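First the structure, in the form of structure tokens, and then the observations on it.
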Amino acid sequence: MTDAARDELLATCWTHAGYAGPGWADETSPRSMIDRVEAIAQTGWSGIGIVVADLVAVRQTMGFAELRRLIESNGLAYTEIEILGDWWATGEPRRVSDGYRELFVEAAAELGARHLKVGGSMTDEPEHQLLVDEFGALCDDFAAVGTKVALEPFPFSNFTTVPIGARFIDEVNNANGGLCVDAWHIFRTETTLDEVAAVLRPEIVFAVELDDARGPIVPRSELFADTIDNRLLPGEGEWDLPAFVRVMRQVGFTGPWGVEIISHEHRARELVDGLEVARDAAYRVLEAGR
């Protein structure tokens, strides 16, 4: 057992989903939730991520109370839920978003979720003050059930970089609102680690995710396809992930460390094998980043 093995890991939803992915017509995993929870626990993870499509399926079948019992009886300490968009919108997009918001509030309360991941707009640039006001209201809604709200900057959204996201969180100034910092979205925007370190404080970093890639930066129009199909295991690509880990530690982040592997290759792996290789890769990077 290495020193790094004492770090806690969270298997994000796509790391254990199998043949499913972001933006698919149906994002529901074909795998049993029971099988996934048990495999995550048996392979030494400390937390599980669950995407909204799977939350819908759980509510219609086993129910959130039974899922929480399953998670806790298997010794998992953390639950992450994702991902809510259009929380700033009006009209039909907002009506749909509010429906998911109600689901997330219910799931967060019953599962004891650690945090909810939310994203920005991938189609336009909403009015800034509207974003500030609506994000603050969102944070308040989830504070009432004990769940933090983690905004994840995407290079293909209006929150393109971590520094932009951090400045937004500072402006909202709500203790229940913070960031999800994904290595992918830092290195794919060529944001430097110095720039990241300059804007982050421990109280606004709610989640950190590890993944890797190789090859040149792709055009913005191709970034979404790139991010959902081409991620590598930590340490298998070209990024200096140990340096990223050191910066996150210096900022004050202590975990759990999310591992988010989204790729054709990973979807094809068997459940236990996929969890084991992702776990081992993450621990090697965490050890190298001490």
Side-chain angles (χ1 to χ4, degrees), residues 1-17 36-37 39-49 74-80 114-115 117 150 152 162 178-215 227 230-263 265-266 269-290:
M1 182 78 69
T2 67
D3 286 343
R6 286 196 289 268
D7 284 303
E8 294 181 298
L9 299 179
L10 185 149
T12 64
C13 62
W14 307 118
T15 297
H16 55 83
R36 282 182 282 161
V37 171
I40 288 166
Q42 291 165 7
T43 51
W45 300 74
S46 296
I48 181 173
N74 277 277
L76 299 181
Y78 309 106
T79 301
E80 168 189 87
R114 180 181 188 271
H115 60 266
K117 287 166 59 177
E152 183 171 5
V162 166
L179 291 178
C180 172
V181 181
D182 187 335
W184 183 277
H185 302 311
I186 289 175
F187 289 105
R188 272 296 189 242
T189 56
E190 298 183 289
T191 304
T192 70
L193 294 178
D194 285 343
E195 289 172 324
V196 171
V199 298
L200 294 183
R201 310 184 315 281
E203 58 267 26
I204 69 167
V205 181
F206 293 168
V208 174
E209 295 178 342
L210 303 174
D211 35 46
D212 213 332
R214 64 173 65 93
T227 198
N230 298 327
R231 299 193 188 202
L232 300 177
L233 297 170
E236 288 193 347
E238 300 173 356
W239 298 340
D240 192 350
L241 288 182
F244 170 73
V245 168
R246 284 192 291 273
V247 166
M248 292 298 102
R249 292 194 197 279
Q250 290 162 7
V251 164
F253 184 74
T254 58
W257 300 82
V259 184
E260 187 170 59
I261 313 303
I262 319 175
S263 68
E265 181 180 8
H266 194 72
R269 292 185 172 110
E270 295 297 327
L271 175 58
V272 170
D273 177 59
L275 288 166
E276 289 178 339
V277 297
R279 175 203 64 200
D280 292 347
Y283 276 146
R284 284 192 293 270
V285 165
L286 288 169
E287 184 174 11
R290 288 193 178 277

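Just so it is clear, the structure is predicted and the values come from calculations on it, not from any experiment.
Remark: Asp212 engages no residue in a side chain to side chain donor-acceptor pair (under 3.5 Å) (not counting sequence neighbours). Residues forming a side chain to side chain contact (heavy atoms under 4.5 Å, CB included) with Glu265 (at least two apart in sequence, or on another chain): Ser263, Arg269. The side chain to side chain donor-acceptor pair (under 3.5 Å) search around Thr43 returns Trp45, not counting sequence neighbours. For His185, the side chain to side chain donor-acceptor pair (under 3.5 Å) partners at least two apart in sequence or on another chain are Glu152. For Phe253, the ring pair (Phe, Tyr, Trp, His ring centres under 6.0 Å) test picks out Trp257, with sequence neighbours left out.
Pairs engaging residues 231-246 under the salt bridge (charged side-chain N to carboxylate O under 4.0 Å, His left out) rule: Asp182-Arg231, Asp211-Arg231, Arg231-Glu260 [sequence neighbours left out].
Of the possible donor and acceptor atoms, one in the side chain of Thr12 sits under 3.5 Å from a partner among the backbone N and O of Val259. Within the 3.5 Å criterion, the main-chain N or O of Gly49 finds a donor-acceptor partner in the side chain of His16. Remark: side-chain polar atoms of Tyr283 are paired, donor with acceptor, to backbone N or O of Asp7 under 3.5 angstrom. Not one N or O on the side chain of Thr79 forms a donor-acceptor pair closer than 3.5 Å with the backbone of Ile48.
Of the residues listed (Leu286, Val285, Asp280), the one engaging Pro234 in a side-chain contact (heavy atoms from CB on, under 4.5 Å) is Val285, and it is the only one.
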(request) List the steps and the verdict of side chain to side chain contact (heavy atoms under 4.5 Å, CB included) for Val205 and Leu179. (result) CA-CA 5 Å; Val205 181; Leu179 291 178; 5.6 Å; no
